Student: 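Sharing a structure below in structure tokens format, with a few things to ask.
Order of the sequence lines sets the chain letters (A, B, ...), proteins ahead of strands, with each chain counted from 1. Note that this is a predicted model, so its numbers are computed, not measured.
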There are 2 protein chains.
Amino acid sequence: MNWKVIIKMGFQESFKALSDPTRRQIIELLKKQKMTAGEIVEQFQMTGASISHHLSIMKNAGLVTDDKQGKYIYYELNLSVLEEILAWLASLKEEK
Amino acid sequence: MNWKVIIKMGFQESFKALSDPTRRQIIELLKKQKMTAGEIVEQFQMTGASISHHLSIMKNAGLVTDDKQGKYIYYELNLSVLEEILAWLASLKEEK
DNA sequence: TAGACATTTAGATAAATATCTAAATGTATT
DNA sequence: AATACATTTAGATATTTATCTAAATGTCTA
């Protein structure tokens with residue numbers, strides 16, 4: 001069996017996770033395909049440790065999931081968390 | 001004439017502005033009606049100076065406009081800035 | 001099993017941020 | 001004109017955050 005438990009912290013964590021430009025760029029990358037930590041690192045001029053830190057924040061916010069495959073860890077976008085934020089933003093326009 | 005020039009900084013500023021819980025609460029308040037700085041302050045346990053700081057960040061992000069009327073400054077929500085963010089979030093789901 | 005490789009964790013540091021108090025600015029009232 | 005009121009600005013401080021280097025962990029391969 002291949003369980004994937006997404007620990008979602010909350011609204012606040014999601015917004016915080018989205019408020020950093022590096023993390024939003026990572027999201028854009030993962031939009032196209034899942035990638036290993038190393039592949040993601042290649043796209044930035046930043047150490048692996050820093051990217052790892054960003055990935056962990058995104059993971060805690062429920063924005064990505066990780067999938068360990070031997071030496072590699074694949075990161076994948078989890079869009080469902082965005083629904084909540086999308087709904088909040090939309091509600092600002094709708095209701096008067 | 002009553003010009004209202006909205007100085008919009010950018011995507012980054014908008015996200016940053018939304019990432020703070022106090023500022024999101026202010027947005028929720030202003031969703032219902034425009035309010036003076038003082039009325040907003042009453043809703044929080046925080047000094048006027050701090051709220052003023054938050055309001056200035058929101059103003060720079062284009063999220064609110066201010067309207068000086070004598071002693072008072074009315075703050076009003078400007079929803080159009082949210083469109084951009086809404087669109088970005090939506091695009092993550094749409095395009096594969 | 002020793003070394004190479006992928007990634008994270010620990011610890012340090014600089015910059016950004018939220019908050020406060022006190023002072024400044026501008027407007028209204030008496 | 002003097003004072004009161006509404007709000008912002010300035011300056012200080014504590015916390016958070018992004019980043020780095022170095023070390024630790026875990027996995028593969030020769």
Student: Would you please name every residue forming a side chain to side chain contact (heavy atoms under 4.5 Å, CB included) with A/E76, sequence neighbours left out?
Tutor: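 A/E76 satisfies side chain to side chain contact (heavy atoms under 4.5 Å, CB included) with A/K4, A/K34, A/T65 once adjacent residues are dropped.
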Student: What is the distance, to the nearest angstrom, from the CE atom on B/M35 to the C1' atom on D/dT7?
Tutor: 15 Å
Student: Could you give the CD-to-P distance, from B/Q12 to D/dA18, as a whole number of Å?
Tutor: 10 Å
Student: Ignoring backbone atoms, establish whether B/S52 has a side-chain N or O less than 4.0 Å from OP1 or OP2 of D/dT7.
Tutor: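 For D/dT7, neither OP1 nor OP2 has a side-chain N or O of B/S52 closer than 4.0 Å.
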Student: Using side chain to side chain contact (heavy atoms under 4.5 Å, CB included) as the criterion, list what pairs up with A/T22, not counting sequence neighbours.
Tutor: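 If we apply the side chain to side chain contact (heavy atoms under 4.5 Å, CB included) test to A/T22, skipping adjacent residues, the hits are A/D20, A/I26, A/F44, A/M46, A/I51, A/H54.
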Student: Nearest to the B/S50 side chain among D/dA18, C/dT7, C/dC20, which nucleotide is it?
Tutor: C/dC20
Student: Do A/Q33 and A/M35 have side chains that approach each other closer than 4.5 Å (heavy atoms only, starting at C-beta)?
Tutor: yes
Student: Flag the pair B/Q12 / A/S19 as yes when at least one side-chain heavy-atom distance between them is below 4.5 Å, and no otherwise.
Tutor: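 B/Q12 vs A/S19: side chains apart.
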Student: Base, sugar-phosphate alone, or nothing: which one does A/I51 contact when heavy atoms must sit under 4.0 Å apart?
Tutor: nothing
Student: Identify, with sequence neighbours excluded, every residue that meets ring-ring contact (aromatic ring centres under 6.0 Å, His included) alongside A/Y74.
Tutor: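 Scan of A/Y74 (ring-ring contact (aromatic ring centres under 6.0 Å, His included), adjacent residues dropped) gives none.
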Student: Across the strands shown, which category fits B/H54 at heavy-atom distances under 4.0 angstrom: base, sugar-phosphate, nothing?
Tutor: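 Sugar-phosphate contact only.
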Student: Count I, L, V, M, F, W, Y as connected when their side-chain heavy atoms are under 4.5 Å apart, and connections chain through other members. Are A/L63 and A/L86 then in the same cluster?
Tutor: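 Looking at the clustering, A/L86 is in the same group as A/L63.
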Student: Mind checking whether A/I40 and B/L92 sit in one hydrophobic cluster, side chains of I, L, V, M, F, W, Y counted as touching below 4.5 Å?
Tutor: yes
Student: Roughly how many Å is it from CD1 in B/I40 to P in D/dT7, rounded to a whole number?
Tutor: 9 Å
Student: Rounded to whole Å, please give me the gap between NE2 in A/H53 and P in D/dT16.
Tutor: 13 Å
Student: What pairs of nitrogen or oxygen atoms, one from the protein and one from nucleotides 13-15 of chain C, lie under 3.5 Å apart?
Tutor:
none

Student: At what distance, to the nearest 0.5 angstrom, does OH of B/Y75 lie from OG of B/S52?
Tutor: 5.5 Å
Student: Rounding to an integer number of Å, can you tell me how far B/Y72 OH sits from D/dC5 C1'?
Tutor: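 After rounding, the gap between these two atoms is 8 Å.
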Student: Rounded to the Å, how far apart are B/Q45 CD and C/dA18 C1'?
Tutor: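 My rounded result for the distance is 16 Å.
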Student: If we count only N and O atoms by modelled type, under 3.5 Å, do the side chains of B/E83 and B/W88 hold a donor and an acceptor together?
Tutor: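 Their side chains do not contain a donor-acceptor pair, so the 3.5 Å distance test is not met.
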Student: Using a heavy-atom cut-off of 4.0 Å across all strands, would you classify B/G38 as base, sugar-phosphate, or nothing?
Tutor: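 If one applies the 4.0 Å heavy-atom cut-off, B/G38 turns out to touch the sugar-phosphate alone, with no base involved.
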Student: Has the side chain of A/R23 got a donor or acceptor atom that lies under 3.5 Å from a matching backbone atom of A/L18?
Tutor: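 Here the side-chain-to-backbone pair does not exist.
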Student: Consider only side-chain heavy atoms of I, L, V, M, F, W and Y, link residues closer than 4.5 Å, and tell whether A/V81 and A/I57 are in one cluster.
Tutor: no
Student: Are A/I27 and A/V64 packed together at the side-chain level, in the sense that at least one heavy-atom pair is separated by less than 4.5 angstrom?
Tutor: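 A/I27 vs A/V64: side chains apart.
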Student: When you measure from the side-chain N and O atoms of B/Y75 to the phosphate of D/dT8, is any distance below 4.0 Å, counting only OP1 and OP2?
Tutor: yes
Student: What is the distance, to the nearest angstrom, from the CE atom on B/M46 to the C1' atom on D/dT15?
Tutor: 14 Å
Student: Heavy atoms under 4.0 Å, any strand shown: does B/T36 hit a base, just sugar-phosphate, or nothing?
Tutor: sugar-phosphate
Student: Nearest heavy atom decides the nucleotide; on that basis, is B/K16 or B/Y74 closer to the 5' end of DNA chain D?
Tutor: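 Counting from the 5' end, the first nearest nucleotide belongs to B/Y74.
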Student: To the nearest Å, how far apart are A/N60 CG and D/dT17 P?
Tutor: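 Going from A/N60 (CG) to D/dT17 (P), I get 12 Å.
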Student: If you restrict it to nitrogen or oxygen atoms, what contacts under 3.5 Å exist between nucleotides 22-27 of chain C and the protein, and what is each distance?
Tutor:
none

Student: So which of residues 19-30 of chain A are in contact with DNA chain C, with a heavy-atom cut-off of under 4.0 Å?
Tutor: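 Under 4.0 Å from DNA chain C: no residue of residues 19-30 of chain A.
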